[in-house]
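What follows is a set of notes on a single structure, which appears directly below.
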Amino acid sequence: MVKRLLTAAILLATIPILAEVTVSLSQTEISEIERVTLTIRLDGIPPRAEPDFSVLEDDFDIGINRIRDQRIINNEYISSVTWILTLKPKKIAELKIPSFDIGNFTTEELTLNVVPISAELTEKLNQEVFWITKVDRQEQYVHGGIHVERKLYYSNNVTVGRIGRRGGLPSPRDVDHAHIVNLGDQNDDWAPRNGRTYRVYTQEFVIFAEKSGTLSLPETSVTANIKVDNTSFDRVVRTEPHDLTILPRPEEYPSGNPWLPASNVVITDDLEELNLSNLVVGDSFSRKITIEALDSFSTGIPGIEVELPDGMRSYPTTPDFRNEILGNKIIGSRIDEQAFVVTRAGEYRIPDAELVWWNTNTKQVERSIIPGRTFVVGAGAAANAAGDNVAGNTRPQVQEVSGLEGAGGIVYKTPLYMFVLVIICIVLMVTSIGLFGVRGLILNKRRQRAATKSVDDVNIETLLKSKSGRDVKEGMLRWLAAKLDISRVSAILLLQRHPTTAVALRNVNDQQYSTSSEKAQLDRNEIKRALKEIEQEVQKQRTHTTTFWQFYQPT
């Protein structure tokens with residue numbers, strides 16, 4: 001112990017009493033596409049807290065490396081800490097590198113002059129890699145959807161970092177007072193532009209602003225190494241600033257109604273299709289209302305409330321909210337199911353209902369009417385039976401006896417035709433047993449074949465055979481969701497990538513959301529073949545790699 005204390009005392013005695021800090025730049029002038037190294041060295045006792053370099057982030061992209069050195073040379077303890085910062089300027093200007101507080105020391109302020117590259121070289125680099133940003137509208141109402149598409153074009157002379165299906169393009173940063181929905185994953189392709197062929201990576205998302213005013217699109221960037229004239233240049237390629245105008249709820253929108261902006265609204269209701277002709281007291285029936293709003297998020301769609309007459313009770317279920325992709329749009333849907341029970345006889349009227357929404361294309365109020373229905377409820381079988389008893393209705397008992405009266409009482413005589421009827425009945429019974437046996441064998445085989453199909457399979461096939469395009473679309477989604485165990489959004493992405501199902505999906509959507517009255521012609525057999533091809537292709541790729549599976553899984 002004494003020896004250790006002595007050693008520690010010697011080391012403390014050898015620590016330099018006067019520490020010092022130095023700072024230097026590798027260059028004082030660089031071009032806009034070059035990097036410079038800032039070196040800060042502290043000799044002596046290291047500081048308790050690291051210096052704050054975040055002030056540099058406004059003007060530079062920063063990379064930091066920290067090196068600590070501790071040695072004893074000639075019985076002298078030497079300690080130092082060195083921070084090496086790699087700085088890539090973000091703009092052309094005379095940039096100040098401020099002083100930093102490191103322990104009890106303060107570094108001196110430095111100046112870096114960033115000069116532009118030549119116009120010729122700038123043009124060459126800009127032709128090798130660049131961003132193109134497109135939005136479907138420059139202004140939108142609060143809570144309305146804005147589709148954004150950003151494409152990164154780069155040539156064979158460019159190596160881009162942090163890109164590809166595994167690395168992915170940088171995701172849009174969160175925007176204050178806005179909700180961002182990514183439309184699937186990034187995809188790669190080749191495309192001609194400006195007389196050249198580029199590789200293209202696409203990033204698509206929809207922004208739902210929650211506050212009116214100016215909304216700035218989130219910036220994204222990639223680091224690219226560009227080879228031009230046998231020289232390599234490292235360059236950070238950023239998307240250009242893009243501001244959008246978010247409009248408030250208009251004054252002419254009816255007060256007291258929930259705010260619903262959309263470019264189109266489709267409402268389906270099965271009330272008219274229900275069989276309500278034989279309802280009696282105590283019976284129940286279920287009604288389903290589906291509201292689909294284009295360019296609107298599902299959770300913003302209000303429910304439809306109907307005031308019921310006396311004698312009816314309702315039992316609503318939890319709404320089902322869904323968001324699906326239609327090309328570059330989002331369809332928000334809300335599905336409400338409600339059970340009704342009638343408690344007394346009489347005539348009932350479920351009144352019409354109204355959904356008020358704002359058309360973001362025409363900039364005017366729209367009103368969608370959901371028609372009601374009138375029906376009659378009877379008293380019921382129990383009530384009829386009670387009524388008969390009260391009236392005292394009875395049915396006479398009739399007995400026919402055929403025979404001769406003898407000494408011991410009545411002697412019954414069976415007519416000849418009864419024997420003939422008995423023989424005929426026996427023959428018919430034997431024949432029926434044989435026929436039912438054969439029919440049973442046939443039905444048994446059919447049941448065995450049907451046993452391999454689940455109830456869901458039968459329902460899906462029923463949807464695919466339907467005359468309704470909406471049912472066919474639902475059948476395609478359920479097929480892929482059940483066979484591949486994926487979400488509906490992932491199923492839509494798969495349908496959009498196969499030529500046959502993509503055409504079918506587009507026809508159904510056009511029929512549903514456009515003003516066209518022509519019915520889409522759908523080849524059910526071709527659709528089923530395409531679904532099987534999609535299923536086999538996905539299963540095959542899952543067997544060989546997990547990339548495809550991870551790519552289509554929702555985050």
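Along the sequence shown, the residues carry numbers beginning at 1.
Between the side chains of Glu128 and Ser155, at least one donor N or O sits under 3.5 Å from an acceptor N or O. Using a 3.5 Å distance cut-off with no hydrogens or angles, the side chains of Asn156 and Arg196 do not pair a donor with an acceptor. Side-chain contact of His179 with Glu210: a donor-acceptor pair under 3.5 Å is absent, judged by distance alone. Between the side chains of Glu34 and Ser31, a donor-acceptor pair is found at a separation under 3.5 Å. For the residue pair Asn323/Ser298, the side-chain donor-acceptor check at 3.5 Å is satisfied. Side chains of Asp229 and Thr231: a donor-acceptor N/O pair is absent below 3.5 angstrom, by distance only. Judged purely by distance below 3.5 Å, without hydrogens or angles, the side chains of Lys227 and Ser232 never pair a donor atom with an acceptor atom. Looking at Glu94 and Asn113, their side chains never bring a donor and an acceptor atom within 3.5 Å of each other.
Using a 4.5 Å heavy-atom cutoff, the side chains of Pro248 and Tyr141 are not in contact. Side-chain atoms of Arg68 and Arg66, non-hydrogen and from C-beta on, do get closer than 4.5 Å to each other. With a 4.5 Å cut-off on side-chain heavy atoms, Val148 and Glu204 do not count as touching. Using a 4.5 Å cut-off on side-chain heavy atoms (C-beta onward), Leu217 and Val135 make contact.
Listed for the Trp131 side chain is a donor-acceptor partner under 3.5 Å among the backbone atoms of Val237. No donor-acceptor pair under 3.5 Å is formed between the side chain of Ser333 and the backbone N or O of Glu292. For the pair Arg334 (side chain) and Ile301 (backbone), a donor-acceptor distance under 3.5 Å is present. Judged purely by atom type and a 3.5 angstrom limit, Thr501 uses its side chain to pair as donor or acceptor with the backbone of Leu495. In terms of modelled atom types and a separation under 3.5 Å, the side chain of Asp43 and the main chain of Ser80 share no donor-acceptor contact. The closest donor-acceptor contact from the side chain of Thr317 to the backbone of Glu337 lies under 3.5 Å. For Gln138 (side chain) and Leu244 (main-chain N/O), no donor-acceptor pair under 3.5 Å exists by modelled atom type. For Asp136 (side chain) and His147 (main-chain N/O), a donor-acceptor pair under 3.5 Å exists by modelled atom type. With Glu535 contributing its side chain and Lys483 its backbone, the two residues share no donor-acceptor pair below 3.5 Å. Formation of a donor-acceptor pair under 3.5 Å by the Lys532 side chain with backbone atoms of Ile527 is not found in this model.
Here Lys329 pairs with Asp295 in a salt bridge; the nearest charged N to carboxylate O distance falls below 4.0 Å. Lys528 has no carboxylate O lying under 4.0 Å from a charged side-chain N of Glu533, or vice versa, which leaves the two without a salt bridge.
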- Between Glu50 and Trp83, is a side chain to side chain donor-acceptor pair (under 3.5 Å) present by the stated rule, with each step listed? CA-CA 10 Å; Glu50 289 291 299; Trp83 292 270; 2.8 Å; yes
- Item | Working for side-chain contact (heavy atoms from CB on, under 4.5 Å), residues Ser221 and Thr239 | CA-CA 6 Å; Ser221 64; Thr239 53; over 6 Å; no
- Message: For Asp61 and Arg238: C-alpha separation, side-chain torsions, deciding distance, then whether salt bridge (Lys or Arg N to Asp or Glu O under 4.0 Å) applies.
- Response: CA-CA 12 Å; Asp61 291 312; Arg238 297 181 176 82; 2.6 Å; yes
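Taking the six-membered ring for Trp and the full ring otherwise, the centers of Tyr154 and Phe130 sit at least 6.0 Å from each other.
The local environment of CG in Asn104 is sparse, with at most 12 non-hydrogen atoms from other residues, nucleotides or ligands closer than 6.0 Å. Heavy-atom contacts from other residues, nucleotides or ligands closer than 6.0 Å to CD of Glu240 number 12 or fewer.
The structure places CD of Glu109 at 9.5 Å from CD1 of Ile97, a figure rounded to the nearest 0.5 Å. Separation of atoms CZ (Arg41) and OG (Ser24) is listed at 11.0 Å; rounding is to 0.5 Å. Note that CG of Leu85 and CZ of Phe60 are 10.0 Å apart. Values are rounded to the nearest 0.5 Å. A distance of 11.0 Å separates OG of Ser212 from CG of Leu215, quoted to the nearest 0.5 Å. The structure places CZ of Arg199 at 6.0 Å from CH2 of Trp190, a figure rounded to the nearest 0.5 Å.
Tested against Arg235, the residues Asn126, Asn225, Thr223 include a single side chain to side chain donor-acceptor pair (under 3.5 Å) partner, Asn126. A side-chain contact (heavy atoms from CB on, under 4.5 Å) with Leu125 is found for one member of Asn157, Val158, Val228 and no other, namely Val228.
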